[in-house]
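Notes for the one structure printed next.
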Amino acid sequence: MSHLFRGRAHVYGDNIDTDRIIPGKYTKTLDAQALAEHVLEDLDPIFRQRLQPGDFLVAGDNFGCGSSREQAPLALQTAGVAAVIARYFARIFFRNAINIGLPALEIPHHDIADGDVLEVDLSAGKVYNCTTGKTYAINPMPDVMLRILNAGGLVNYLREHGTF
Amino acid sequence: MGGMTIAEKILFQKTGQRVWPGDIVIAPVDGLMATDTTAPAALRAFEKMGGQRVWAPEKCALVIDHAAPAPNERIANLHRLMREFARQQGIRLFEVGEGICHQLMVEHGYVRPGYLFTGADSHTSTYGALNAFACGVGSTDLAAVMLTGKIWLKTPASLRIRCHGRLRADASPKDLILFLTGKVGISGATYMSVEFEGEAFEKMSLAGRMCIANMTAEMGAKTGFVHPRGLQLPYPFEPIEPDASAQYAQTLDIDIGELPPQVAAPESPDNVHAIERYLGTPIQYGFIGTCGNGRLEDLQAAARILRGKRIAEGVRLVIAPASRSVLLDAMLDGTAQALVSAGATIIAPGCGPCVGSHEGIPADGETVISAANRNFRGRMGNPNARIFLASPATVAASVLVGCIAAPPPHTEE
Ligand code: SF4
């Protein structure tokens, strides 16, 4: 998977639950495009219009809390989100995002503002804020997660390795 | 050299390694489960991983519960996908109307004390009532377990919650866990294992313990355990107790002797208050059910309040038993009769309207009083409705008068 991304930040608050990322009533489908159409609609009805492919979703604490639905990171990924950045993630969301190959990056302290242009360098473990000139260090992930992310997700990882 | 928490002990038994919080382990799993929300994507991922046969069909279960019976053709086709996969692989499939995944895993012995269990549903934590290390995962993680029989986990730090005193006669396990969720907060136990202990738990039924462990998911926990002291199961088992010298990241000592009934107000399960603050708030819709409170004693608690009465005009009460066997028991002992006579609608055993898929979506501007475990905006299918969470007794007392009302104390007959 590519290690360098550049895009605009869309910033939201703390405790964004998976019902807000993709309401339960839309989750029963295998059509990722149908999920993307409703992503974040109860939180920000114009998110879909503002989002350019390659942009970043940036949040505060506990992003993705609530249900185990993998449809949440999948909806974001399919809508064009290149990476999700948060102070920290709810645990199932964190695993799910990495498992489908969507970088979920923890930056324990950040002051990224809506509209900032960011450059994410996964190999260096850094995020550069091109708007403000600041640099943030990404919390290192456990090795096994990194290997899964580098493979582009758990499906690819297991297809290659057969087991952990 | 400290002793082990319950979580550490189970991981030790599974891996043969003494693990510490933060250690990554790759551990063999004793069972897995997926539902009609999570199974279809898991089956796809399993195939894409190159999976031919699941690692142990007898340890796997698929459950059709979240949107059952199917409300439309799209979901009907997903159910068919599950049935076909189960048939090909020789996996047990729990059909429409058999009940909610978490109830079924316990009733049918798929999960037992000391097991490491993965379920593709966040409330898999419920099995901590049985002393199992049970954690919720997403679809792709589940597919990996199906293929390999293993999962990677970070050993969780443990939060111990020691409750002092007994519950009042008008308070139930649900009031207790709502209160504790309010205290810990929706992210207060993120990545952690929660252990509950104290006199109140020792006397608690399995149903009450499941209600407690269920909502550790609302604290962000990876897993949660009710101390096995007093646990009764229909088969012999080895209880797994924490060592006296186990090390906890944090211990909360909480007095519960004076705890009144609680509600979680919109729009978060940790927005918890004593019921007094919301007494008199008009409601149009009551719901009793879910993996938190859809068991026989929950239905009985509601029937005690509703027997021989009628729910208020303009109010509806929907009841989804947690399983077919719960429904049958409720039919046998007159509970179902009392509820339906009072004006309740009993729907198919399963998740019902909990997650907004079907069977009772609230209208714009309506307020629901629900015995479920989540009240996020849009949870029941309409972002313009409000949801209060409470015990089954509080839901029953409230639908009788059409506004949030405190339940009468329950004294053993
Ligand atoms: S009853 Fe509700 S919380 Fe429990 S598994 Fe079903 S949808 Fe999830």
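Each chain gets a letter, A, B and so on, in the order the sequences are listed, and its residues count up from 1. Only heavy atoms go into these numbers, but all of them, side chains included; no hydrogens, no water, no symmetry mates.
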Least distance between heavy atoms, [X] atom then [Y] atom:
{"X": "V184(B)", "Y": "A189(B)", "value": "CG1-N, 3.9 Å"}
{"X": "D121(B)", "Y": "S68(A)", "value": "CA-OG, 3.2 Å"}
{"X": "G352(B)", "Y": "A320(B)", "value": "CA-CB, 4.4 Å"}

Quick check on [X] against chain A: is it the side chain, the backbone, both or neither that has a heavy atom closer than 4.5 Å?
{"X": "I186(B)", "answer": "both"}
{"X": "A217(B)", "answer": "neither"}
{"X": "R377(B)", "answer": "both"}
{"X": "T37(B)", "answer": "both"}
{"X": "E218(B)", "answer": "neither"}

Give, as side chain, backbone, both or neither, the part of [X] having an atom under 4.5 angstrom from any heavy atom of chain B.
{"X": "E41(A)", "answer": "neither"}
{"X": "Y157(A)", "answer": "neither"}
{"X": "D42(A)", "answer": "both"}

As an exercise: rank [options] by heavy-atom pairs under 4.5 Å with chain B and give me the winner.
{"options": "N156(A), I92(A), I100(A), I148(A)", "answer": "I92(A)"}
{"options": "V155(A), D143(A), N96(A), L43(A)", "answer": "V155(A)"}
{"options": "R159(A), E70(A), R69(A)", "answer": "E70(A)"}

Out of [options], which one racks up the most heavy-atom pairs below 4.5 Å with chain A?
{"options": "N72(B), L78(B), T38(B)", "answer": "L78(B)"}
{"options": "A143(B), G381(B), G50(B)", "answer": "G381(B)"}
{"options": "G136(B), A144(B), C354(B)", "answer": "G136(B)"}
{"options": "D36(B), L81(B), T148(B), I361(B)", "answer": "T148(B)"}
{"options": "N77(B), V137(B), T124(B)", "answer": "V137(B)"}
{"options": "K150(B), R379(B), K222(B)", "answer": "K222(B)"}

Residues of residues 9-39 of chain A contacting chain B, heavy-atom criterion under 4.5 Å, by residue number: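 Result: N15(A), D17(A), D19(A), R20(A), G24(A), K25(A), T27(A), K28(A), T29(A), L30(A).
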Quick check against the 3.5 Å criterion: does [X] have a side-chain atom that pairs as donor or acceptor with the backbone of [Y]?
{"X": "Q52(A)", "Y": "G7(A)", "answer": "no"}
{"X": "N375(B)", "Y": "A265(B)", "answer": "yes"}
{"X": "T155(B)", "Y": "D23(B)", "answer": "yes"}

Ionic contact status for D141(B) with R95(A), cut-off 4.0 Å: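 Answer for the salt bridge query: yes.
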Any residue meeting side-chain hydrogen bond (donor to acceptor under 3.5 Å, both in side chains) with S268(B), in chain and number order, not counting sequence neighbours: D270(B)
From CA spacing to verdict: ring-ring contact (aromatic ring centres under 6.0 Å, His included), F93(A), F63(A): CA-CA 8 Å; F93(A) 181 91; F63(A) 184 80; 5.1 Å; yes
Test log, rule side-chain contact (heavy atoms from CB on, under 4.5 Å), inputs I387(B) and M380(B): CA-CA 8 Å; I387(B) 307 166; M380(B) 293 181 76; 3.5 Å; yes
Stepwise ring-ring contact (aromatic ring centres under 6.0 Å, His included) check, Y88(A) with F94(A): CA-CA 9 Å; Y88(A) 66 93; F94(A) 195 25; over 10 Å; no
Polar contact flag, side-chain donor to acceptor under 3.5 angstrom, S357(B)-H66(B): no
Heavy atoms of other groups near R147(A) CZ, more than 12 under 6.0 Å: yes
V25(B) and its side chain to side chain contact (heavy atoms under 4.5 Å, CB included) partner, picked from I151(B), L116(B), L153(B):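 Running side chain to side chain contact (heavy atoms under 4.5 Å, CB included) over I151(B), L116(B), L153(B) with V25(B) returns exactly one hit, L153(B).
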